[in-house]
**Student:** 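Structure in structure tokens, see below.
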Amino acid sequence: MSDKPEPVFSAPWHAQAFALTVHLNETGRFAWTDWAARFGANLARHGLERDLDGGDDYFHVWLETLESLLEEDGSAGRAEAEHMRAEWERAYITTPHGMPVRLGR
Amino acid sequence: MPHDHSDPDHPHALLPPDPALRVKALETILTRKGLVDPAALDEIIDTYQNRIGPKNGAQVVARAWSDPAFLDRLRADATAVISDLGFFGRQGEHIVVVENTPQLHNMVVCTLCSCYPWPLLGIPPGWYKSDAYRARAVREPRKVLAEFGIILPETMAVRVWDSTAEIRYLVIPMRPEGTEGLSETELAALVTRDSMIGTGLARTPE
């Protein structure tokens with residue numbers, strides 16, 4: 001393995017999911033040990049199906065863990081999250097190319 | 001599928017991939033509820049993208065090579081010493097140093113997920129997070145090391161340390177030969193990220 005610099009996060013959403021999780025931990029939503037236990041269990045479960053690559057695979061499991069945790073503690077329910085995801089998709093599709101994408105209210 | 005390049009003929013903004021939209025959804029919901037401060041998220045990303053990385057760990061190793069008293073203090077309480085240097089914070093709560101010797105090579109893994117000494121090494125590389133490394137480092141460390149280009153003599157033992165959310169390890173690689181008289185700054189340049197995980201050795205000066 002070479003030691004040449006590589007990007008810390010290979011996709012912007014990896015960085016965003018990471019930052020969101022760290023921030024929620026620091027503001028006391030959950031303990032890091034609890035996070036690591038849940039995340040580790042999910043990684044193990046997914047890893048049974050096929051070898052995870054440590055990149056996109058890894059962050060998919062990360063995001064899934066975060067979503068289920070926030071659903072359980074009631075801060076972002078599944079239906080609420082799906083609705084908001086659809087809102088964002090609509091915002092992207094209806095925003096002319098080159099314009100900043102904003103959610104409609 | 002989303003596009004990752006600019007397309008002048010594209011009528012609308014490029015649609016990010018599904019997980020990116022899901023992250024945005026969570027961020028929006030939590031921000032509106034006052035549970036998340038978007039500026040804090042930007043700060044976290046900036047810190048790990050630009051400010052924290054293996055240079056921190058390399059500085060600790062170079063000092064340990066140069067200053068026996070410092071090494072003694074590291075052995076006794078690495079967390080406190082490293083924190084005194086200003087390398088503290090997330091995922092640095094309990095750090096233990098493990099020293100390579102001519103008889104013993106140390107290497108670090110996190111079989112559970114990807115626990116790692118962030119304040120010293122930044123965010124772990126992809127391979128550290130992969131199933132292949134996490135499963136095989138413990139089972140067949142010599143084979144894994146060989147794939148990293150490290151062939152150890154049979155007489156050298158290999159010890160694998162499994163990090164957890166409570167305890168993280170920093171490998172102090174062996175000081176390369178021919179480095180007598182180098183300054184700490186010069187030494188630090190020889191200390192690679194992989195050498196502090198134990199999947200590499202420190203560079204020899206050219």
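The figures that follow rest on heavy atoms only: side chains count, while hydrogens, waters and symmetry mates do not. In what follows, every chain begins at residue 1, and chains take the letters A, B, ... in the order their sequences are listed.
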**Student:** Between A:V22 and B:W118, is there a side-chain heavy-atom distance shorter than 4.5 Å?
**Tutor:**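 Contact flag for B:W118/A:V22 side chains = yes.
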
**Student:** Ion pair present between B:K33 and A:E80, side-chain N to carboxylate O less than 4.0 angstrom?
**Tutor:** yes

**Student:** Heavy-atom cut-off 4.5 Å, strictly under: side chain, backbone, both or neither for B:N50 against chain A?
**Tutor:**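 Neither part; nothing is under 4.5 Å.
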
**Student:** Kindly compute the distance separating CG (B:L35) from CZ (A:R29), expressed to the nearest 0.5 Å.
**Tutor:** 5.0 Å

**Student:** Where does A:L70 contact chain B at under 4.5 Å (heavy atoms): side chain, backbone, both or neither?
**Tutor:** side chain

**Student:** Under 4.5 Å, counting heavy-atom pairs only, tell me which of A:T33, A:L63, A:T27 racks up the most with chain B.
**Tutor:**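 Winner by heavy-atom pair count: A:L63.
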
**Student:** Looking at every heavy atom in both A:R85 and B:L21, which two are closest together, and how far apart are they?
**Tutor:** NH2-CD1, 3.6 Å

**Student:** Side chains of A:E67 and B:L26: does their closest heavy-atom pair fall under 4.5 Å?
**Tutor:** yes

**Student:** Identify which part of B:L30 has an atom lying under 4.5 Å from any heavy atom of chain A, answering side chain, backbone, both or neither.
**Tutor:** side chain

**Student:** Any side-chain heavy atom of A:F59 within less than 4.5 Å of one from B:P19?
**Tutor:**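 Not touching, per the 4.5 Å side-chain cut-off.
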
**Student:** Determine the option with the most heavy-atom pairs under 4.5 angstrom with chain B, choosing from A:H60, A:E26, A:H14.
**Tutor:**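 So the answer, after comparing A:H60, A:E26, A:H14, is A:E26.
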
**Student:** With rounding to the nearest 0.5 angstrom, report the CZ to CD1 distance, A:F18 to B:I123.
**Tutor:**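 With rounding to 0.5 Å, CZ (A:F18) is 3.5 Å from CD1 (B:I123).
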
**Student:** Below 4.5 Å, heavy-atom pairs only: which of B:T199, B:D42, B:D37 has the largest tally toward chain A?
**Tutor:** B:D37

**Student:** Indicate yes or no: at least one non-hydrogen side-chain atom of A:H97 is less than 4.5 angstrom from one of B:L14.
**Tutor:** yes

**Student:** Could you grab the distance from atom CZ of B:R136 to atom CG of A:D51, nearest 0.5 Å is fine?
**Tutor:**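 Separation between the atoms: 9.5 Å.
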
**Student:** Please indicate whether B:R159 has more than 12 foreign heavy atoms, meaning atoms of other residues, nucleotides or ligands, lying under 6.0 Å from its CZ.
**Tutor:** no

**Student:** Using a cut-off of under 4.5 Å for heavy-atom pairs, which of A:E64, A:H46, A:H83, A:Q16 has the most such pairs with chain B?
**Tutor:**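 Greatest number of close heavy-atom pairs with chain B: A:Q16.
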
**Student:** Do you know which of B:P38, B:G53, B:A132, B:A20 has the most heavy-atom pairs under 4.5 Å to chain A?
**Tutor:**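 Winner by heavy-atom pair count: B:A20.
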
**Student:** Need one label for A:L20: side chain, backbone, both or neither, based on atoms under 4.5 Å from any heavy atom in chain B.
**Tutor:** both

**Student:** Considering only heavy atoms, which portion of A:A17 lies under 4.5 Å from any heavy atom of chain B: side chain, backbone, both, or neither?
**Tutor:** both

**Student:** As an exercise: rank B:R134, B:R22, B:E43 by heavy-atom pairs under 4.5 Å with chain A and give me the winner.
**Tutor:**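 Among B:R134, B:R22, B:E43, the one with the most close pairs to chain A is B:R22.
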
**Student:** Between B:K129 and A:D57, does at least one N-O distance fall below 4.0 Å, as a salt bridge requires?
**Tutor:**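 A salt bridge is absent here (no side-chain N lies under 4.0 Å from a carboxylate O).
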
**Student:** Can you tell me if A:R102 has over 12 outside heavy atoms packed within less than 6.0 Å of its CZ?
**Tutor:** no

**Student:** Might you point out which heavy atoms bring A:A81 and B:I29 nearest each other, and give the distance in Å?
**Tutor:** CA-CD1, 3.6 Å

**Student:** Would you say that B:T28 contacts A:E87 through its side chain, given a criterion of any heavy-atom pair below 4.5 Å between the two side chains?
**Tutor:** no

**Student:** For chain A, which of B:A40, B:S114, B:G122 has the most heavy-atom pairs under 4.5 Å?
**Tutor:** B:S114

**Student:** Among A:A91, A:G47, A:A11, A:A19, which residue forms the greatest number of heavy-atom pairs with chain B at distances under 4.5 Å?
**Tutor:** A:A19

**Student:** In Å and rounded to the nearest 0.5 Å, what is the CD to CG distance from A:E89 to B:L15?
**Tutor:** 5.0 Å

